[in-house]
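Sequential numbering from 1 along the given sequence is applied to the chain's residues. Atoms within a ligand are numbered from 1 in the order they appear, just like the ligands themselves.
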Amino acid sequence: MTAVTSLTLTQPDDWHLHIRDGDVLRDVLPHTAKQFARAIIMPNLRPPVTTVALASAYRSRIEAQLQASSISDFTPLMTLYLTDNTPADEVRKARAAGIAGFKLYPAGATTNSDAGVTDLKYCYATLEVMQKEGVPLLMHGEVTHADIDVFDREAVFIDTILEPLRRDFPELKIVFEHITTRQAAHYVRDADTKNKNTLAATITPQHLLLNRNAIFAGGIRPHHYCLPVLKREEHRLALVEAATSGNPRFFLGTDSAPHAKGLKENGCGCAGCYTAFNALGLYAEVFEAANQLHRLEAFASFYGPDFYGMPRNTKTITLHKVPEKVPHELPLAETVVVPLRAGETIAWSLAE
Ligand code: NCD
Ligand code: ZN
């Protein structure tokens, strides 16, 4: 079989992305917009984007930046940050305003999640309306109790939060974001959704490419620290199997999460990998290594919009099997960000 040297795909979307605000937004947005037509924009700003009014203002800032950067073919899909106090009525407003979903951060689970949900029971009236209105719940799927081992937090979340939630809201559309374990991959694969399109998961490039050894290779590697934290090789293999299986419940979400270099290389470093620089090239490596390159397009470009009930993109983009050099650092406001693979290469690059 001759090796594939170029790959033309329907333009993909990124179903989980952090682009922050202000000058950071200015610097990271072009990387995403070069590859993706749309992206689900995470609401964990400081303060968090908890209302339709805040999301509309954030959308306007993104649109202004797109215009300033002469980007005309990218659409931000806005989300709201769910809190213990999100009124049920905000869901109706969100739906009317074209908000793509609500994000559940268990309080304290990750970057800027202090205002997150302390107990889902406070949200039941709001979830009821989400279920009724078909507004998806996007979940950071980890419990946060200090007595639960950090490597077990996702698996415990499935048993103690997700499964009861799905029992109580069988028709609620749920995206289990950035899954990292065999348990999550199998839970999503095997869940009985009564033939309804109610459960899906996104998978990041770093969780498909790296296992937890990457955090400790020869010393502590802060740029490989993200949440949920990388897991053992057996989990990475289960994620690759899920992503490349052609199952429409699994689709692309980079979770690209820029942090200034100094906040990563730090006594208490921030969580997040910056993958937006050439995320699609990273995913192509994964699918190629699994001999499933022909399934990349559906994972990257079809299953996400299908789940969210949005049209698939019509433009195409082309990747070439030409290695792309990843810079050691990229500009990030008045500082720099260290991208995943910094100083190395990615096997696939985007055609200009
Ligand atoms: C994200 C961030 O920096 O906002 N960090 C991360 O490690 N993924 C937050 C998140 O998605 O958990
Ligand atoms: Zn994230």
CG (Asp147) with more than 12 external heavy atoms under 6.0 Å: yes

N or O contact, Ala271 vs ligand 1, cut-off under 3.5 Å: yes

N, O or S from His140 under 2.8 Å to the Zn ion (ligand 2): no

Steps toward side-chain contact (heavy atoms from CB on, under 4.5 Å) verdict (His294, Gln292): CA-CA 5 Å; His294 61 287; Gln292 300 293 345; 3.0 Å; yes

Part of Asn112 with heavy atoms under 4.0 Å of ligand 1, whether side chain, backbone, both or neither: neither

Centroid-centroid under 6.0 Å between Trp15 and Phe307 rings: no

His186, NE2: over 12 other non-hydrogen atoms inside 6.0 angstrom: yes

Nitrogen or oxygen of Leu227 less than 3.5 angstrom from that of ligand 1: yes

Three-point angle His18:NE2, the Zn ion (ligand 2), Asp255:OD1, rounded to the nearest 10°: 90°

Proximal atoms of ligand 1 relative to Ala257 (non-hydrogen, under 4.0 Å): 1 (C), 2 (C), 3 (O), 5 (N)

Best match, His16, His178, Glu177, His18: closest heavy atom to atom 1 (C) of ligand 1: His18

Presence of salt bridge, Glu288 and Lys321, under 4.0 angstrom: yes

Nearest-contact summary for atom 8 (N) of ligand 1 - protein heavy atom, Å: Asp255 OD2, 2.7 Å

Heavy-atom side-chain contact between Phe176 and Glu154 under 4.5 Å: yes

Nitrogen or oxygen of Arg20 less than 3.5 angstrom from that of ligand 1: yes

Atom 10 (C) of ligand 1: nearest protein contact (heavy atom, Å): Thr110 OG1, 3.4 Å

Numbered atoms and elements of ligand 1 in range of His140, under 4.0 angstrom, heavy atoms: 12 (O)

Option passing side-chain contact (heavy atoms from CB on, under 4.5 Å) with Pro258 (candidates Asp27, Leu25, Val24): Val24

Per-atom contacts, ligand 1 versus Cys226 - under 4.0 Å to a heavy atom: 7 (O)

Phe169/Tyr124 aromatic ring centres below 6.0 Å: yes

N/O separation below 3.5 Å, Gly272 to ligand 1: yes

Side-chain ion pair, Glu241 and Arg189, N-O less than 4.0 Å: no

Which of the ligand 1 atoms, numbered from 1, are nearer than 4.0 Å to a heavy atom of His259: 2 (C), 3 (O)

